[in-house]
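In what follows, a structure is listed as C-alpha cells, so that the remarks can point back to it.
Since the model is a prediction, treat every value here as computed from it, not as a measurement. Values reported hereafter were calculated over all heavy atoms of this structure, with side chains retained and with hydrogens, waters and symmetry mates removed. Start at 1 with the first residue, then count along the sequence.
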Amino acid sequence: MRPPLDIIGAGRFYVIPDYRICTNGSVLISLLNESTNAVSITLHASNLVQGLTVEQLSSPAGVLESPSDGSLALTLAGDEYVLLYAYTNAASLANPSPYKVWIGSEPNQIWPNGTAYSVDVGYDTRGATLDLYVALESADAPYTPFVTVQVASVSGAGITNLGLVVPDADLGDVSYVSTPDGGHYILRAWLQNGGVEVSDCRLPTRLAWGAKPVSIPASTQTGETYQVTVFWQELPSYLGSEYPTPLDRAAAWQPASISTEVYTVLLDLMTGSVAVVSTGIVTGVGSHSNNYSVTVPTGITGPFWWRARTVSGFQLGATSNNHDVLDGFEDREQGEGEAVISPWIDFTYDQNGQFQRWSRGVDGNASEGSQAAFVIGNNQNPGGWSGIGMTRLYSQTWALPKPRSAWSNIWFAFDFRETNVQSGTLTMKVEDSGTPDAGAIEYTTNYSGGWLTISSRLDRFSTSVHPGTFNSNAVKKLTVLLQTGTRTGVYFCSFDNIRFVGTPWEVVEPPAPGTNDMKWSFEDLSQGPSVNPTPWQLMSYGDGTEQWYAHGIDGNATDGANGHYAVYKSHTNVSGWSGFFLLYTFDSPPELPTNLADAAFSVDFSENAGRVCDIELQLKSAGGMSTYSRAYGGSGWDTIRASLNQFTGSADMNNLSDLVVVVIMKETNAVYTAHFDNILFTGLVSSVMTPVTNGLYLSINDSTPEQDSDDDGIPDVYETDTGIYNGPTDTGTDPNNPDTDTDGIKDGDEIIAGTDPNDPDSVFELESILNGGASGFVIEWFARTNRMYAVHYTEDLRNAGSFVPLGNWTNIVVAQDGLTNVVDTTADEGTNRFYRINVRQL
C-alpha cells in the first residue's frame, strides 16, 4: 500500500486498513476489525496525516489529534468499523467549525408520551468553554424548535445524555403535524459561544402520534353525550423478542407473539386530575382510529379537559384490558362453516323445533368494509315464536360498572340486512352466566328490510322478561338476532359492524416476584374440530406407521369450559414406536427461582379408553433437554406434575426455549383419544414489564389556534394590513404576503431585526466596512435597543458553514438606537475576509 499504513500492536493481523485522498487534499482512512474481540493498535501513517487534524467520523469521538504527529493509538471493538478523516483546519467537509459536536445515540422514532426521550450528544470544544444544546426541530421553514435542552459550560471532549420531553399533539397548532401526516423533523445538537452558534449537527427523525383526537368539543356540559374520534399511528411492538417491529407487520412475527402485543387506547374526560369518564378499546393494529361516545355524568362540576393515551399490555404479565368487541369480519377468509365466523356461534330456535339452519359463513355482502357474516335458515313454523342469530361468549365473566347510570358510556350496535325482505324484530342482548337459564338485558327495534343499524346505550336496555333477572356482576355472552315472529320461509341474514364499546378499563398489575405463573386452559379458543391449541403446537413422531385422526377444542375439561383433544392411531409394528406432543416456545427465556424446587411444570391428562401410555414433560434449551416422565394412571383425568429439581438432563435452566408435553403410545395399532387441560408452569420470578404509556395527548396543553396564512412568522391576527407599523401586536402588514414591502426580507424577520416591514427603505444591513490601517477594519451598522448582535467572519465564501465568531464580539447591545461599530484587528494584510452580523431579540 503506497503510501504505507503500518499497524502494530496485539491483534493487528485482524485489522484491515484502507484509505482515499479527497480532491481537497483531505484523507479518509478506514479500519475494519475482523475479530470478534477488541484489539488495541497503533496506526503509523506519517505520509498521510502528519500535520493534519484527525477526526473520527464513525462512532464519533471528535478530534483525535491536531496537528497529528503521524501516529494514532486506537482501540477497536469486536467487528467494529472505524472511519478517520484527516484535514487542514479549513478543509473539513464533515464539520468546518473547529468545535465538534455529534449525536451518538437517539430514538429511531418519537411518540410524545410525557416522559423524556434519551439522546447521547458528544462534543469536542478544543479547550474552549461552550454551551451545549439539543433540540427537536421542524426540518421545514420556519424551523420551529419544539423542545430544547441546554447543558451550560462544557469543555474538552466528552459525551452527555440529555432527555427531551417532546410536547404532545396540539390541536391549536396547525404546523405541529406528525411525520405520517407530512411533517419533517430533525434532532439538532449545537455549541454556542456567548449566545452565538459555532457548530451544529443534524439528524433526521420521525414523529408520530401515539394518541390524538381528531377534534374535541368546544365546550362540555353535564348530561350531554359527545362523539370523539381518536387516532393512533405506527405503534411499535414492545416485547424484547420483536422490538421495534411495527404492529402493522405482525404477520412477520413469531406466531406466539402476535396475540400478546396489544395496546389499550383510552379516552378520558378529566376535571382537575380526576378522570370522571374513562373509555377505551384494546387493539393490536398499529395505525387506526376509533370513535368514542362519552356521556358526561350529572352532579359533577368542571372545568373539563380531555386526555387520550395508548397503554401497552400483554397477556402473560401486566395487562391493560377491557371487554369491548369490534367485529366487521374483515380478518376472515370468505367461505361457509362454523370456523369462519368464530368466535361467533350461529343459532336458530322456534316453538315447535321446525326452524332449520342451512348455512353460515362470511361473504362480500357488507354494510362497511368488504365482508360480513351471514346465517341462512328455513322457518317452517307457521306460528309461535322463532329466531335466527349469533352469539359470542367471553372466556371469563366480568362485571358492569356501578351505578347503572354509568352504563350510559357503554354502547351496543350492529348492522343487519335480510336479503329476502322478511320482516321481524331486531334484538341485542347482554346475558349473564346464570344456569339453567341465563338472565339478560335487551334492546329491540322493528325491522322491515334493507340494511339497518340498531344502536343504543346500555342504560336504555330493559331486563328480558324470561327469566326476569340479570346479574350485572357476571356478564358472559353477547347476542344479536332477528326474531322472526309468525313469518315462514327462507331467511338470509347478514350481520356486520358489531360494536360493543366503552366497557370498563382494567389494569392487572404485574405479579409479585415468585408468582408470575403461566397457565393455559384453552378458554380463549372456540370449541370445534381442527381448532389448534394456540399458543401450543400439536405434532407427532414415530416409525412412520402412526397416523393422525383428529384434534380440536371441546368441553371435556378440568379447568373452565374448554379442553384440547387429539386423536392418533399408534404404530402398527409390534416392535415400533410412536407418540404425539404439544410444544410451546418462549418469546424470551423465563426467569426461574434460585431454588428450582419452587418452580413446577404440570398438565391434566386423560385418555378415553384408559390406554397404556407414558406422559413425559420436557424442558428444552439450545443444545440441551431435561425430562420428567411417568405412566398414565389409566382412569379418567390424571395430573402429571414435577418440580423443576425433579427433572434430569442437560437443559440450561437459565435459557429455556421450549416446554413440551409428550404422550408416548405404548399399545400397538390402537386409537388414542387424549385430552389436555390446565397446563401450568409455576413459581417463576416476575421479569415482566409494567404497562408503558406509549402515546399521550392532553387538551389542557393546547394553544389557541393562530393562523399564519403567508408563513412569514407573524400570526394573521397581528397583520392588520394598514401599512403602518404600531408594534408587534399591530404590525400593519399584509396577512397574505410574506414580504409586504417587497424588500426581499420576510415581515417576521424584519420584526426581529427592528426594521419596518412596511417600508422598503428600512432594512437591516451593513453601513460600511473601512480600512483603518494599523488599527484594523471597522465594521459599522445601525443598531437598535432590545437587540443583541454578533459579528462573524470567513475567508472562504464557498463553504457556507465556515463563519466563525470575530473575537469576543458576540454579545453586543446598545443603550440607544444609532450607528455602532467594531474593529477587526486580526485580519492579515492581503487576506480576503467576509463579515456577517447576526441579530436576535432580547
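- Residues Tyr263 and Val285 have side chains not in contact (no heavy-atom distance under 4.5 Å, counting atoms from C-beta outward).
- Taking a cutoff of 4.0 Å between a charged side-chain nitrogen and a carboxylate oxygen, Arg360 and Glu336 qualify as a salt bridge.
- Between His323 and Phe500, the shortest heavy-atom contact is O-CD2, 3.9 Å.
- The aromatic rings of Phe605 and Tyr632 sit perpendicular, their planes meeting at an angle over 60°, well past the 30° parallel limit.
- A donor-acceptor pair shorter than 3.5 Å can be found between the side chains of His675 and Asn608.
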CA sep, side-chain torsions, deciding dist, call: Phe374, Phe495, ring-ring contact (aromatic ring centres under 6.0 Å, His included) | CA-CA 6 Å; Phe374 68 84; Phe495 300 87; over 10 Å; no
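- Ring geometry for Phe470 against Trp407 counts as perpendicular: the plane angle is over 60°, on a 0 to 90° scale with 30° as the lower cut.
- By the salt bridge (charged side-chain N to carboxylate O under 4.0 Å, His left out) test, Asp79 is found to be paired with no residue, residues two or more places apart in sequence or in another chain being considered.
- Within the 4.5 Å cutoff, side-chain heavy atoms of Arg332 are placed close to those of Asp327.
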Mind running side chain to side chain donor-acceptor pair (under 3.5 Å) on Asp677 and Ser521 for me, showing each step along the way?
-> CA-CA 5 Å; Asp677 199 13; Ser521 58; 4.9 Å; no
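- The CG atom of Asn562 lies 9.5 Å from the CZ atom of Phe522; values are rounded to the nearest 0.5 Å.
- Side-chain N/O atoms of Ser570 and Glu667 include no donor and acceptor closer than 3.5 Å.
- Tyr349 is listed as a side-chain neighbour of Gln483, based on a closest heavy-atom distance under 4.5 Å.
- Relative ring orientation between Tyr568 and Phe580 is described as parallel, the plane-to-plane angle staying below 30° on a 0-90° scale split at 30° and 60°.
- More than 12 heavy-atom neighbours from other residues, nucleotides or ligands sit within 6.0 angstrom of NE2 on His551.
- Looking at residues two or more places apart in sequence or on another chain, you find no salt bridge (charged side-chain N to carboxylate O under 4.0 Å, His left out) involving Asp554.
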